[in-house]
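For clarity, every value in this text was computed on a predicted model and none was experimentally measured. Per chain, numbering begins at 1; letters A, B, ... match sequence-line order.
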Protein chains: 2
Amino acid sequence: MPVTKMKATIRSVAIDLFYRKGYFATSISDIARGSGIQKASIYYHYVSKEELLFSILESTMDDLTDYVRENLNRVRDVEERLRVAVRSHVRFHLTRQRENFIANSELRGLSEPNYRAIVRMRDAYEGIFQDLIRQGIDDGVFAVVDVKILSYAILTLCTAGASWFKPEGRLSVDEIAAIYENFIVSGLKREDETISTLSRAASGGIFFP
Amino acid sequence: MPVTKMKATIRSVAIDLFYRKGYFATSISDIARGSGIQKASIYYHYVSKEELLFSILESTMDDLTDYVRENLNRVRDVEERLRVAVRSHVRFHLTRQRENFIANSELRGLSEPNYRAIVRMRDAYEGIFQDLIRQGIDDGVFAVVDVKILSYAILTLCTAGASWFKPEGRLSVDEIAAIYENFIVSGLKREDETISTLSRAASGGIFFP
DNA sequence: CGTGGCCTACCGTCCGGTCGGTAGATTTAT
DNA sequence: ATAAATCTACCGACCGGACGGTAGGCCACG
């Protein structure tokens, strides 16, 4: 069943408003006005405001996962695979900026079951990066690091771009992707002194009484 | 004039609820119930719901800035200064987790003037890190990088901890701070091939049609 | 002619905020 | 010293309005 024209319009108006004003601050009337129809007509296409939000989040997560996986299929070298994953992640987030921003700030609008569904998808997606980092460590390409923390760090980092990126701004999507890519890879590759620094910090030195 | 007991109670109940349910999903009645008081009495202490939010955000930003600046005063070496800044930032965000989470997710609840006030404070705070990075570049300690992007990246990275950190979890505040610190410093110190990687990505290679 | 796609009209609920009032502590005036 | 005045901290009742959602009707088009 094809998505009808109006259903798609409603969706894109909703994305725009959720992005600009937030989910809770956007009313169904706002969306209707933006779509050029009456409020009640929204409910012909979507059963509730939450379902509208959920469908946006779900398809965004789906598309993101597909996009990254597909690009990963073309590469074998583990460092290059991480680079590709980061690049894909950044590109996706910057080109579909508004949807991704919503996906990272409006989970609050979901009821328990829908919330869990999205979280499950996010976990699966994070798994891609965690596997990549683990693989890199096993192959001796990356330093031994805390995989979970670092995967969060990497994803947060790149995702954040979606909150300040402006297409007409100073830097292009590819330039930003390259900056992140290099920063992350060199952060992961160091053969550093994690332990010593850690114990120095944990020993309760001169700072932080 | 000292902050009265009840005013402080309301404040901390509000922080707890804003953190757990979000600003818009928290009603004044909720806060009143949590404070053991009637709804109307809230308005004796705060003129509006927004003022309550604003006062939380404002004092959090104040305290954060003071804390980081104070710790920075004790160090001169530029790399160590960045390490201290990162460490302070992380520590503050993880120990005052809920306030910081709110400060980074509920700016939407502010009207224009209040919003601008907080953004101004944030800009000033970011300036500390940007100056540090610039200084490091000038001194040849850090690689030449895009200061603005990298400062956003660093702050976002560390701030994100406030959204998943659990005090009773696997890692302590200091361990997490050390992980971030090392990751960031080694990300900044590389003498890398930003330009070549950039042009490779921008040249529209095999990926990303 | 029937049904997909939209409309008008309406409902119950909840929310931020206001109002008038009050018990009791504190300050001031005599 | 005490009575009057004022202030502090709170309460119960209420308001206008917005919101998500529903019921049922209308009408163009296959």
Side-chain angles (χ1 to χ4, degrees), chain A residues 1-58 102 105-115, chain B residues 1-58 102 105-115:
Chain A
M1 48 184 156
V3 175
T4 68
K5 194 94 184 290
M6 182 51 78
K7 186 161 183 172
T9 301
I10 293 168
R11 186 193 148 90
S12 86
V13 169
I15 289 175
D16 189 51
L17 291 175
F18 290 168
Y19 174 67
R20 280 169 32 214
K21 318 200 314 172
Y23 175 71
F24 289 108
T26 299
S27 70
I28 294 286
S29 313
D30 291 338
I31 299 169
R33 199 171 313 117
S35 309
I37 57 175
Q38 289 303 313
K39 191 175 75 159
S41 308
I42 300 278
Y43 290 90
Y44 176 78
H45 299 281
Y46 294 93
V47 307
S48 69
K49 192 187 177 187
E50 188 188 333
E51 197 231 47
L52 178 48
L53 174 64
F54 180 73
S55 82
I56 292 169
L57 302 189
E58 191 183 30
I102 297 167
S105 57
E106 300 293 7
L107 292 201
R108 282 254 162 82
L110 299 176
S111 57
E112 263 291 301
N114 282 339
Y115 177 80
Chain B
M1 49 186 156
V3 174
T4 68
K5 196 96 183 291
M6 183 50 77
K7 186 161 183 173
T9 300
I10 293 168
R11 186 193 148 91
S12 85
V13 169
I15 289 174
D16 189 53
L17 291 175
F18 290 169
Y19 175 67
R20 281 169 31 216
K21 318 200 312 171
Y23 176 72
F24 289 109
T26 300
S27 71
I28 294 285
S29 313
D30 291 337
I31 298 169
R33 201 171 310 120
S35 308
I37 210 181
Q38 285 305 113
K39 192 177 72 159
S41 307
I42 299 279
Y43 290 90
Y44 176 77
H45 299 281
Y46 294 93
V47 306
S48 68
K49 191 186 178 188
E50 187 188 333
E51 198 231 47
L52 178 47
L53 174 63
F54 180 73
S55 82
I56 293 169
L57 302 191
E58 191 183 31
I102 297 166
S105 56
E106 301 292 7
L107 292 202
R108 282 255 163 82
L110 300 175
S111 56
E112 263 290 302
N114 282 338
Y115 177 81

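The distance from atom NZ of A/Lys5 to atom C1' of C/dC6 is 16 Å, rounded to the nearest whole Å. One can place CD1 of B/Ile37 at 11 Å from P of D/dA9, the figure rounded to the nearest angstrom. Rounding to whole angstrom units, CD1 of residue A/Ile10 and P of C/dG5 are separated by 11 Å.
Non-hydrogen atoms lying under 4.0 Å from DNA chain D are contributed by A/Lys39, A/Ala40, A/Tyr43, A/Ser48, A/Lys49, all within residues 38-54 of chain A. Within a heavy-atom distance below 4.0 Å of DNA chain D, the residues of residues 26-34 of chain A found are A/Thr26, A/Ser27, A/Ile28.
Separation of atoms CG (B/Leu53) and CZ (B/Phe24) is listed at 8.5 Å; rounding is to 0.5 Å. Atom CG of B/Leu110 and atom CD of B/Glu51 lie 11.5 Å apart (nearest 0.5 Å). Note that CG of B/Leu52 is 7.5 Å distant from CD1 of B/Ile42, once rounded to the nearest 0.5 Å.
Residues A/Val13 and A/Gly34 approach most closely at CG2-O, 3.7 Å, considering heavy atoms. Residues A/Lys21 and B/Arg108 come closest through the heavy atom pair O-CD, 3.4 Å. The two residues B/Ile10 and B/Ser35 come nearest to each other via the heavy atoms CA-OG, 3.7 Å. Closest non-hydrogen pair, B/Phe18 versus B/Glu106, comes out as O-OE2, 4.1 Å.
Residue A/Lys39 is tested with A/Ile28, A/Ile31, A/Asp30 for a side chain to side chain contact (heavy atoms under 4.5 Å, CB included); the sole match is A/Ile28.
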